[in-house]
Structures are given as C-alpha cells and as structure tokens.
Amino acid sequence: SSMEVVLHYRPHQTDLIKLQKFAEAAVKEFPIRQLPRFAPWFPNDLNRLPLKPKKQAPAISCEEVEELKQLSTPSECVTGSPDYDCTKNLLEFHSSMKHGPTLIQAQAVHRPINLDYQGEPPSNGKQKLKRSWSVSLPSAKLKEKIQPLSQELQNNLERLKLHAFCRAKWTIEQSICKNQNLEDIWIKLNRLIKQNELPSCNATIQRSEGQIWIFCDILYCEYVRNILREKLSLTDKMNLLVHKYGIIFSL
C-alpha cells in the first residue's frame, strides 16, 4: 500500500534533502519497546505475611447495598434545628479575617444565623428568633465598674494555677429563671450583649438541653454574674465551670 505525503515548508527552506528526511521521520512508525515482566520488590506470598486478619472481611448483599444508598442520599437541611453548626458562616471564625477592635460585634437579634437561609418571613412581619449564639467585646466604659476578684476566687485560681484571662462558663437553666421562659431570657441576654454590657462574653443557647451558656474571662466573671442576676432576675446560685477543671466557684 502506498501513502501520499504533502509537505508544507517555508520559502527560505530550500534544502530538499533535509526536507525529505524531515518528512520520512514524520511518517516513520514509533518504536515499541517490550516492557519487562513486573517483579515485585517485596514478598507477595499472602501465606507468609507477618500480620493477617483474624477474621474474613464481612460480606454485604446487593439488597443491603441498595438500602445503604437510599439512606446516604442527602436530606433537606432544616434551618430551624437547634443542633446545626452555628459558626459555619461567621466571618470572625474564618482564619483569613483580620482581627481588629471592631471585628466582633453583636449582631441583630432578629436575623437568622444561617446566611444561606432563604425562607419566607412570618405573615405578621416579624422574623422568628433563630440565632443560637451572641458575642461581644469589652467596653472601655466598663473598666471603672469592674471590681477586683473576690479573695475566694483568687485563692481558687492560685490553687488551680489558672490565669485570670482563662475562659469560664456560667450556665442558666429554667430552674433559676423564676416565671420567665428560657427563650425570653435568651432575647434579653442578646440585648445585653448587643449593648456591650457584658465584657468579653459570648453566649449560646442549647435548646436541646434547655440551657444557656455564657462564656467569659474569669477576670470579668463576677461582674458578669452580678449583671445577669440584676438584668435577668435570676434566682439561686450559679456555678462557674472551667474546661477540664469543672466547677471552680459558685455565686
């Protein structure tokens, strides 16, 4: 069988012998190298392996595979669920954000935390409270009002070797709310944080557990507790907890 080759070249390429060799090389078949047989560099005898599974791998039927596929289909996200990740879309939790004095501010109480939320507002014109967190910065005006820590708390910090800027947690439960609803307490607490009355605080409501958690620096914890008692009309004592140390103080 014959094959016709058309070679296009530039006017200044006048060496016909070189052009002929170039065309012959272009249509020449590529050499095929026979690969050597693969020889593993490790022992591949399964009977001689030092570690072998004690039992055979579990078998799964075709019916079970289909059932698992149906269970693994993505379900519709429920925005109002109390257990969703409330820090997912918060700018202050992004590592790329620059931290400054105006970065962390209390957000509007009546706006849902999920920024992807596209639901229709209720017919009465008021957005139902969806948020489950709130955060604030210490205000310079509060420094004069904050008193030194009590001697008992100072002794506890010295005994446990805790720093005054360690984070601690107050817990509000329904039992200390008098005749108030936990959601009403949460709305009032958000208002306090929005107005920067609670220094260095961030709070979250755990609706599934019926609790509100208020985190603050130990340095401000007694001041925060007194504000909570006064503004929210809370009764009974509250326990101050520190992670891995448990309850370190009661007030």
### Heavy-atom side-chain proximity of N156 to L162 below 4.5 angstrom
no
### Summary
Of all heavy-atom pairs linking L153 and I248, the shortest is CD1-CD1, 4.4 Å
#### Entry: Gap separating the CG atom of L232 from the CZ atom of R191, nearest 0.5 angstrom
10.0 Å
#### Entry: Straight-line distance of H12 NE2 to D15 CG, nearest 0.5 Å
11.5 Å
### Query
Are there more than 12 heavy atoms of other residues, nucleotides or ligands under 6.0 Å from atom CD of E158?
no
### Interatomic spacing from CG in D184 to CG in N179 - rounded to 0.5 Å
11.5 Å
### Message
Would you call the rings of W213 and F215 parallel, tilted or perpendicular, taking 30° and 60° as the class edges?
### Response
perpendicular
### Task
Provide the closest heavy-atom pair for A203 versus L189 in the form atom of the first, atom of the second, distance.
CB-CD2, 3.8 Å
### Query
Do I212 and L241 belong together in a cluster built from hydrophobic side chains that touch within less than 4.5 Å?
no
### Query
Without hydrogens or angle criteria, can the side chains of Q180 and S233 be said to hold a donor-acceptor pair below 3.5 Å?
no
#### Entry: Contact check, side chains of L240 and W170, non-hydrogen atoms, under 4.5 Å
yes
### Query
Are L157 and Y245 co-members of a hydrophobic cluster defined by side-chain heavy atoms under 4.5 Å apart?
yes
### Message
Show, in sequence, the C-alpha distance, side-chain angles and deciding distance for E183 and R207, and conclude whether the salt bridge (charged side-chain N to carboxylate O under 4.0 Å, His left out) test is met.
### Response
CA-CA 9 Å; E183 291 291 342; R207 292 185 173 90; 2.7 Å; yes
### Summary
Value for CD1 (I214) from CD1 (I172), rounded to nearest 0.5 Å, stands at 3.5 Å
### Message
Contact between C177 and L182 at the side-chain level, heavy atoms closer than 4.5 Å - yes or no?
### Response
yes
### Query
Any donor-acceptor pair under 3.5 Å linking the side chain of E197 with the backbone of I227?
no
### Query
Can you name the nearest heavy-atom pair linking S150 to E222, along with the distance?
OG-OE2, 2.6 Å
### Summary
Rounded to the nearest 0.5 angstrom, the CH2-CG distance for W186 and N181 is 13.5 Å
### Task
Answer yes or no: is there a side-chain heavy-atom contact under 4.5 Å between V65 and I60?
yes
### Summary
Applying salt bridge (Lys or Arg N to Asp or Glu O under 4.0 Å) to R167 and not counting sequence neighbours gives D217
### Task
List the atom of Q154, the atom of L149, and the distance in Å for their closest heavy-atom pair.
NE2-O, 2.6 Å
### side-chain contact (heavy atoms from CB on, under 4.5 Å) assessment of V242 paired with C166
CA-CA 8 Å; V242 175; C166 181; 3.9 Å; yes
### Pairing residues for T14 by the side chain to side chain contact (heavy atoms under 4.5 Å, CB included) criterion, not counting sequence neighbours
none
### Task
Check whether F165 and L160 end up in the same hydrophobic cluster, where Ile, Leu, Val, Met, Phe, Trp and Tyr are linked by side-chain heavy atoms less than 4.5 Å apart.
yes
### Query
Rounded to the nearest 0.5 Å, what separation is found between the SG atom of C221 and the CG atom of L251?
8.0 Å
### Query
Would you say H163 and I218 make side-chain contact, with heavy atoms under 4.5 Å?
no
#### Entry: N155 and Q151 side chains, donor-acceptor separation under 3.5 Å
yes
### Summary
Nearest heavy-atom contact between M238 and T171 is CE-O, 3.5 Å
### Message
Within the supplied structure, the quantity of interest is the number of heavy atoms (other residues, nucleotides, ligands) at a distance under 6.0 Å from L7 CG; does it exceed 12?
### Response
yes
